[in-house]
There are 2 protein chains.
Amino acid sequence: MTGSRSTSADVARRAGVSRATVSYVLNGRTDQSIPLSTRNRVLAAARDLDYVPHAASRALRRGTSNLVLLINAGVPWSTNVTDVEDELTALVAASGRSLVVWRRPGAAALQGMLADLEPCVAISMDTLTSEENNLLGRLSVPLVAADLAAPGTGLPTELQIDRLAGQGHHRIAYLTTSDRALQRFAAPRTDAIVAACVRRGLPEPLIAGVPGGLTVDVAAVARQLVGWLDGRDPVTAVSCFNDLHAAACLAAASDLRIEVPTELSVIGLDDDIFAPLTRPALTTVRLGPQHFARHLWSLARHQLGETPAPAAFTPTAHIVERASVTAPPPSPFPKR
Amino acid sequence: MTGSRSTSADVARRAGVSRATVSYVLNGRTDQSIPLSTRNRVLAAARDLDYVPHAASRALRRGTSNLVLLINAGVPWSTNVTDVEDELTALVAASGRSLVVWRRPGAAALQGMLADLEPCVAISMDTLTSEENNLLGRLSVPLVAADLAAPGTGLPTELQIDRLAGQGHHRIAYLTTSDRALQRFAAPRTDAIVAACVRRGLPEPLIAGVPGGLTVDVAAVARQLVGWLDGRDPVTAVSCFNDLHAAACLAAASDLRIEVPTELSVIGLDDDIFAPLTRPALTTVRLGPQHFARHLWSLARHQLGETPAPAAFTPTAHIVERASVTAPPPSPFPKR
DNA sequence: TCCACATGCTGACACGTGTCAGTGAATCTC
DNA sequence: GAGATTCACTGACACGTGTCAGCATGTGGA
């Protein structure tokens with residue numbers, strides 16, 4: 001008897017009522033009239049027996065579970081990702097559901113996972129393959145995916161250029177990743193940088209991708225820097241794909257004895273955990289991961305039919321002013 | 001008809017057999033004799049209908065799910081954590097189960113989560129509260145938790161001292177965190193540092209904790225450095241709780257115009273993502289997150305009754321030699 | 001010829017829950 | 001006081017699966 005978990009039948013027996021009544025009380029149904037006395041008796045019995053409803057039977061009966069699945073495909077890592085995860089966890093918990101994160105090992109693994117766990121809605125921080133989309137559709141699991149090319153996605157990079165141009169920089173380079181798997185994220189940012197420069201009447205930025213997603217090759221960055229700083233119209237500022245690339249840029253500059261920010265300004269993106277610890281401390285753009293998480297969740301709730309469709313996402317981002325950006329050095333070749 | 005998902009009854013109808021036969025075929029039972037022809041007919045029908053077994057009913061019937069829950073409580077973040085998560089995901093998937101990660105928002109949240117998801121085993125990277133342990137026990141969910149004070153846990157810090165002492169350092173300081181929530185992790189390392197120094201006949205290390213778990217206060221670190229380097233027997237090397245603290249130490253040294261490594265050696269722990277990007281590049285200790293994940297999984301499989309109890313965990317770790325550690329400067333007060 | 005046994009398959013049950021129609025009693029309405 | 005309505009509660013079903021006893025049919029041995 002002991003050792004085995006208690007079911008709603010046990011609670012009913014202890015409270016001296018039927019199982020149906022127990023279910024009505026514990027699910028707080030208002031269309032059934034239940035006097036306070038029996039209500040309290042049921043609640044007391046449930047508490048005494050440490051009753052926890054059986055997740056599987058509940059899901060079976062209701063046709064859908066209370067689980068929200070966050071699919072974490074190959075998103076380039078930053079503290080922002082865990083910030084989004086934490087905020088989503090809180091939001092989902094507040095709605096009486098639970099969020100779990102699945103680190104997708106590969107595109108083919110989804111089917112196996114769905115045979116073990118049927119979420120009521122799936123949220124992906126990335127765009128999935130069409131096979132995965134089809135699979136979710138066949139199992140009628142609604143999917144919410146962040147649109148990587150949505151209007152407004154360019155805001156953070158726009159802010160980078162804003163800051164550099166505001167300090168008087170003219171000749172700007174953009175350091176990004178050449179990692180193929182990251183191009184989904186990198187390409188829109190590169191486009192946004194070019195557009196931002198054009199819009200401000202700046203010359204087109206010099207763009208270079210370096211290999212390595214999680215480990216940036218400092219030597220490759222150094223070679224780029226040499227190229228960019230060479231010649232009669234040298235670059236005075238480098239805007240970077242993320243803080244990791246910016247840190248690599250600071251390291252390369254240090255190796256080349258280029259002083260940041262007096263000779264070269266560097267700006268990052270993410271306000272990652274190590275950004276305040278570089279020397280000079282990294283000026284960067286802070287995204288609003290909580291804001292993003294709230295948007296994802298409102299999309300999900302819309303899919304669940306609980307709320308009307310939310311407005312289009314307007315990202316939030318702001319400059320975090322530190323020490324790696326300043327006005328450019330006086331040019332030896334004055335313009336015009 | 002279309003739009004609704006197909007069940008094993010649909011597969012049975014299409015293959016012209018009973019539901020029991022379908023179940024036998026799809027679960028690959030060997031004790032039932034099923035000729036190849038019907039077997040293939042069933043498999044073809046399942047494929048045609050895109051049959052995916054219903055997770056909830058399967059779990060209800062079998063009494064337990066195929067889900068492994070990784071409880072990620074307030075572990076100080078580093079790429080090691082995601083490395084462990086990824087390795088565990090792969091191991092669990094290889095056993096026909098699925099791993100999901102739950103970022104615990106608070107100690108009281110576990111019950112709500114367990115009402116939505118009943119794992120066959122739970123793995124925690126941290127020690128849980130006794131209430132949480134009791135709860136899991138009552139629901140008979142086996143729990144595997146990393147023992148933070150197990151013998152051998154001190155190996156990484158031991159290696160730090162090894163490296164510093166091997167270079168001739170004598171007067172060593174230990175920079176750790178004073179964050180209360182992190183003391184579970186920090187205290188054993190501090191003990192290990194002291195023991196390692198004593199064992200080598202070094203003087204007891206100077207120990208200081210600085211506030212901030214994810215954001216280390218560089219100014220506080222700088223004040224410590226000033227104290228440590230003052231006086232007639234100054235510290236020549238700083239061993240750090242993790243790479244984040246080491247990066248803060250490098251930043252503080254830079255602010256104080258102390259040259260690393262010529263005037264002061266600094267060693268980190270974790271080989272975090274930014275460790276190769278500091279200047280000087282950080283010498284640190286690389287843990288074996290995959291090795292750790294494999295141990296956790298073998299413990300879990302033992303709990304599931306599939307394997308005998310594994311041997312005690314022997315952590316793996318090795319020095320990653322970069323540029324922040326070198327021999328100490330010649331002392332103005334020669335020993336003895 | 002009869003029994004024993006293997007083969008190939010099926011009907012029926014159970015898991016624990018949520019829900020709906022229904023039931024006896026009490027109360028209200030005219 | 002008969003009928004209508006509300007109150008408080010219950011019995012029975014369904015969700016989709018895994019499993020087990022059992023049922024024909026063939027096959028071999030004595």
Side-chain angles (χ1 to χ4, degrees), chain A residues 4-42 45-46 49-67 96 114-118 120 138-140, chain B residues 4-42 45-46 49-67 96 114-118 120 138-140:
Chain A
S4 183
R5 63 181 298 166
S6 45
T7 72
S8 77
D10 297 328
V11 176
R13 214 169 305 127
R14 187 171 233 267
V17 294
S18 76
R19 257 197 51 251
T21 306
V22 171
S23 174
Y24 291 143
V25 169
L26 295 183
N27 292 329
R29 287 190 46 155
T30 52
D31 56 336
Q32 298 280 335
S33 62
I34 294 168
L36 208 64
S37 60
T38 51
R39 176 185 191 74
N40 286 335
R41 225 165 56 242
V42 169
L49 295 173
D50 288 320
Y51 173 66
V52 178
H54 191 80
S57 6
R58 191 205 278 252
L60 171 60
R61 171 62 230 207
R62 303 201 326 186
T64 176
S65 74
N66 269 335
L67 288 168
L114 288 176
D116 295 331
L117 158 53
E118 210 113 2
C120 61
R138 284 201 301 271
L139 300 186
S140 51
Chain B
S4 184
R5 63 180 297 165
S6 44
T7 73
S8 77
D10 297 328
V11 177
R13 213 169 306 127
R14 186 171 233 267
V17 293
S18 76
R19 257 196 52 251
T21 306
V22 170
S23 175
Y24 289 144
V25 169
L26 294 184
N27 291 330
R29 288 190 45 153
T30 52
D31 56 336
Q32 298 279 334
S33 62
I34 293 168
L36 208 65
S37 60
T38 51
R39 176 186 191 73
N40 286 337
R41 225 164 57 241
V42 169
L49 295 174
D50 287 320
Y51 172 67
V52 178
H54 192 79
S57 7
R58 190 205 278 253
L60 171 59
R61 171 61 229 207
R62 303 199 327 183
T64 175
S65 74
N66 269 335
L67 288 168
L114 289 175
D116 295 331
L117 157 54
E118 211 112 4
C120 60
R138 284 201 301 271
L139 300 186
S140 51

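Every chain is numbered from 1 and lettered A, B, ... according to where its sequence line falls, protein lines coming before strand lines.
Listed for the R19(A) side chain is no donor-acceptor partner under 3.5 Å among the backbone atoms of A12(A). Side-chain atoms of S57(B) do not come within 3.5 Å of backbone N or O of L60(A) as any donor-acceptor pair. At least one donor-acceptor pair under 3.5 Å links the side chain of E118(B) to the backbone N or O of A55(A). Judged by distance alone, with hydrogens and angles left aside, the side-chain atoms of R13(A) form no donor-acceptor pair with the main-chain N or O of S18(A) at under 3.5 Å.
Separating the CZ atom of R58(B) from the C1' atom of dA14(C) is a distance of 17 Å, rounded to the nearest angstrom. Distance CG (D31(B)) to P (dG18(D)): 14 Å, rounded to an integer number of Å. Rounded to whole Å, atom C1' of dG16(D) lies 11 Å from atom CZ of R61(B). Distance, R5(A) CZ to dT17(C) C1': 11 Å, rounded to whole Å. Per the geometry, CD belonging to E118(B) stands 10 Å off P belonging to dT17(C), to the nearest Å. The separation between N66(B) atom CG and dG18(D) atom P is 10 Å, rounded to whole Å.
Distances shown here put a side-chain N or O of S23(A) below 4.0 Å from the OP1 or OP2 atom of dG18(C). The phosphate of dG16(C) (OP1 or OP2) has no side-chain N or O of T7(A) nearer than 4.0 angstrom. Between dT19(D) and R29(B), a contact under 4.0 Å exists linking OP1 or OP2 to a side-chain N or O.
In this structure, OG1 on T7(B) lies 9.0 Å from CG on L49(B), to the nearest 0.5 angstrom. The distance from atom CG of N27(A) to atom CZ of R58(A), rounded to the nearest 0.5 Å, is 6.0 Å.
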Interface polar pairs with nucleotides 4-10 of chain C, N/O, under 3.5 angstrom:
| from | atom 1 | to | atom 2 | distance (Å) |
| --- | --- | --- | --- | --- |
| dG8(C) | OP2 | S33(B) | OG | 3.4 |
| dC9(C) | OP2 | T38(B) | OG1 | 3.1 |
| dC9(C) | N4 | Q32(B) | OE1 | 3.2 |
| dT10(C) | OP1 | S18(B) | N | 3.4 |
| dT10(C) | OP2 | S18(B) | N | 2.5 |
| dT10(C) | OP2 | S18(B) | OG | 2.9 |
| dT10(C) | OP2 | T21(B) | OG1 | 2.9 |

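Taking the side chain of L60(B) as heavy atoms from C-beta on, and the options dC15(C), dG18(D), dG18(C), the nearest nucleotide is dC15(C).
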